[in-house]
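What follows is one structure encoded as structure tokens, with my remarks underneath.
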2 protein chains.
Amino acid sequence: MGVAAQTMDSVFRALADPTRRLVLERLTRGPESVSGLAAPFDMALPSFVEHLRVLEDCGLVNSSKAGRVRTYRLVPKRLRQAEDWLARQRHLWERRLDQLDAYLLEMKEKRS
Amino acid sequence: MGVAAQTMDSVFRALADPTRRLVLERLTRGPESVSGLAAPFDMALPSFVEHLRVLEDCGLVNSSKAGRVRTYRLVPKRLRQAEDWLARQRHLWERRLDQLDAYLLEMKEKRS
DNA sequence: TGAATACTTAGGTATTGACCTAAGTATCAG
DNA sequence: CTGATACTTAGGTCAATACCTAAGTATTCA
């Protein structure tokens, strides 16, 4: 059925940080090294690398090392799973828009 | 342009907990009271209410109190913003599928 | 080979998150 | 008006997160 809850936990958790989201956005322009990814951020390298570890642990990216350079790239699968959950929720929510209508009506009544 | 980063932070953070996701799923069946939402969970009420606070603080739900009963309901806006971010990312990622192809090719080479 | 580069490891601090128990307030039902 | 109900507040523990500095290892290049 659904994706394991722990997977969803770790993916949403990873997305809940602006540094990590910016890294993902950067990677949409192509693979990049650790120092290349770190450059825009005013943060000690070990701290930044920890963000990369979070992204890799949850499967949003992967990496490989050639010589002394480690290169990161996107892995679409997890992001798609997260999007699927959200899309399914939104679908269900919209079937419940009558709730919202009821709420708006209630607000209108309060105002008058 | 985009939604404020802090908003995205708090929404993804809220989604990164299985209890909170289950609450959202429950609310797609309609508004519900605190105790009604809490019933399925083996958790002290104050702990559970804290989850509701997180959901309300980030705008995924709202609540109103009538007498001694507080009722929660979904608010679609934030979820849609989160979905939009993910959809945009996925779109960009897919335009980069050549990266993935390159990676898969690399793996194939390693295996041989 | 020796210095520079690109991470990596080790370990420390401060805040936040997820839970708990105990006790409080506000409403409603009889 | 009294007890039960439905939260709410107060405060405490424990683990995880997001940073840091300092020092290490592994490559590459002159």
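Below, read A as the first sequence line, B as the second, and so on, with proteins coming before strands; counting in each chain starts at 1.
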Can you measure [X] atom [atom1] to [N] atom [atom2] for me and round it to whole angstrom units?
X: A:L52; N: C:dT8; atom1: CG; atom2: P; result: 9 Å
X: A:R70; N: D:dT25; atom1: CZ; atom2: P; result: 18 Å
X: B:D9; N: D:dT17; atom1: CG; atom2: P; result: 15 Å

Polar atom pairs (N or O), protein with nucleotides 14-24 of chain C, under 3.5 Å:
unit_1 : atom_1 : unit_2 : atom_2 : d
C:dG17 : O3'    : B:R13  : NH2    : 2.7
C:dA18 : OP1    : B:R20  : NH2    : 3.3
C:dA18 : OP2    : B:R20  : NH1    : 3.3
C:dC19 : OP2    : B:H51  : NE2    : 2.5
C:dC20 : OP1    : B:A44  : N      : 3.4
C:dC20 : OP2    : B:A44  : N      : 2.8
C:dC20 : OP2    : B:S47  : OG     : 2.6

### Query
So, A:R80 and B:E94, do they make that salt bridge, N to O below 4.0 Å?
no
### Task
Indicate yes or no: does A:E56 engage A:R53 in a salt bridge with an N to O separation below 4.0 Å.
no
Tabulate protein N/O versus nucleotide N/O from nucleotides 27-30 of chain C, keeping only pairs under 3.5 Å, one per line.
unit_1 : atom_1 : unit_2 : atom_2 : d
C:dT27 : O2     : B:R68  : NH1    : 3.1

### Message
Check the orientation of A:F12 and A:W85. Use parallel for under 30°, tilted for 30 to 60°, and perpendicular for over 60°.
### Response
perpendicular
### Task
Verify the distance criterion only: is there a donor paired with an acceptor across the side chains of B:T7 and B:Q81 at less than 3.5 Å?
no
Between [X] and [Y] (side chain of the first, backbone of the second, donor and acceptor by atom type, cut-off under 3.5 Å), is there such a pair?
X: A:R78; Y: A:C58; value: yes
X: B:R21; Y: A:A5; value: yes
X: B:R20; Y: B:L55; value: no

Within the structure, does a side-chain N or O atom of [X] lie under 4.0 Å from either OP1 or OP2 of [N]?
X: B:K65; N: D:dT8; result: yes
X: A:S33; N: C:dC7; result: yes
X: A:S35; N: C:dC7; result: yes

### Query
Is any side-chain heavy atom of A:E50 closer than 4.5 Å to a side-chain heavy atom of A:V54?
yes
### Query
Going by heavy atoms in the side chains, are A:L86 and A:E83 under 4.5 Å from each other?
no
### Task
Heavy atoms only: give me the nearest A:V34-A:F48 pair and the separation to one decimal.
O-CE2, 4.0 Å
### Message
Let me check the geometry of the helix from C:dT1-D:dA30 to C:dG30-D:dC1. What is the bend angle between the axes at its two ends, five pairs each, to 10°?
### Response
20°
### Message
How long is the straight-line distance from OG1 of A:T19 back to CE of A:M43, given to the nearest 0.5 Å?
### Response
4.0 Å
